[in-house]
K.L.:
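This structure is in structure tokens; I'll ask about it shortly.
Sequence positions, counted from 1, serve as the residue numbers for this chain.
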Amino acid sequence: MTSKNKLKYVFIAVVVVLAGLALADALGYFNEKSYTAVSHGSHSHYVPYDRDPNVSIDKFPMEEPAPGEKITPTGQIVPADQ
């Protein structure tokens, strides 16, 4: 195998790894928070990953919970130990 072919395969491998990392980041794999920001017009709502699908997005808070707080599946901000 020539050095040109080796370089081509190394380049392809690097592109595949970078694409995999970008996909994992887009899917929230590296997100340590239990919620995500959902854009809703000119503002965002903070919605937990385990949200109740029967609760409308506009029922969730527009501010991130403070440290030591969490968002319930129905949209309430409560202390994290509850």
K.L.:
Which side-chain N or O atoms in residues 3-20 pair as donor and acceptor under 3.5 Å with protein atoms at least two apart or in another chain?
P.N.:
none

K.L.:
Could you tell me whether the side chain of Glu64 reaches within less than 4.5 Å of the side chain of Glu69, counting heavy atoms only?
P.N.:
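Heavy-atom side-chain distance check fails, nothing below 4.5 Å.
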K.L.:
Among the clusters formed by ILVMFWY side chains lying less than 4.5 Å apart, do Val55 and Ile57 turn up in the same one?
P.N.:
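As far as the 4.5 Å side-chain criterion goes, Ile57 and Val55 are connected within one cluster.
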K.L.:
Which atom pairs, one a donor and one an acceptor, fall under 3.5 Å between side chains of residues 36-45 and the rest of the protein, sequence neighbours left out?
P.N.:
unit_1 : atom_1 : unit_2 : atom_2 : d
His40  : ND1    : His43  : NE2    : 3.4
His40  : ND1    : His45  : NE2    : 3.2
His43  : ND1    : His40  : O      : 3.2
His43  : NE2    : His40  : O      : 3.4
His43  : NE2    : His45  : NE2    : 3.1
His45  : ND1    : Phe60  : O      : 2.7

K.L.:
If you define the side chain from C-beta out and look only at heavy atoms, does anything of Ile71 sit under 4.5 Å from Val47?
P.N.:
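The answer is no, as the side chains (C-beta and beyond) never meet within the 4.5 Å cut-off.
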K.L.:
Is there a side-chain contact (heavy atoms from CB on, under 4.5 Å) between Phe30 and Leu21 once you walk through the steps?
P.N.:
CA-CA 10 Å; Phe30 302 115; Leu21 287 173; 4.1 Å; yes
K.L.:
So Pro48 and Thr72, do their side chains get closer than 4.5 Å, heavy atoms only?
P.N.:
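A side-chain contact is absent here, since even the closest heavy-atom pair is not under 4.5 Å.
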K.L.:
To the nearest 0.5 Å, what is the distance between CD1 on Ile77 and OH on Tyr35?
P.N.:
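The OH atom of Tyr35 is 9.0 Å from CD1 of Ile77, to the nearest 0.5 Å.
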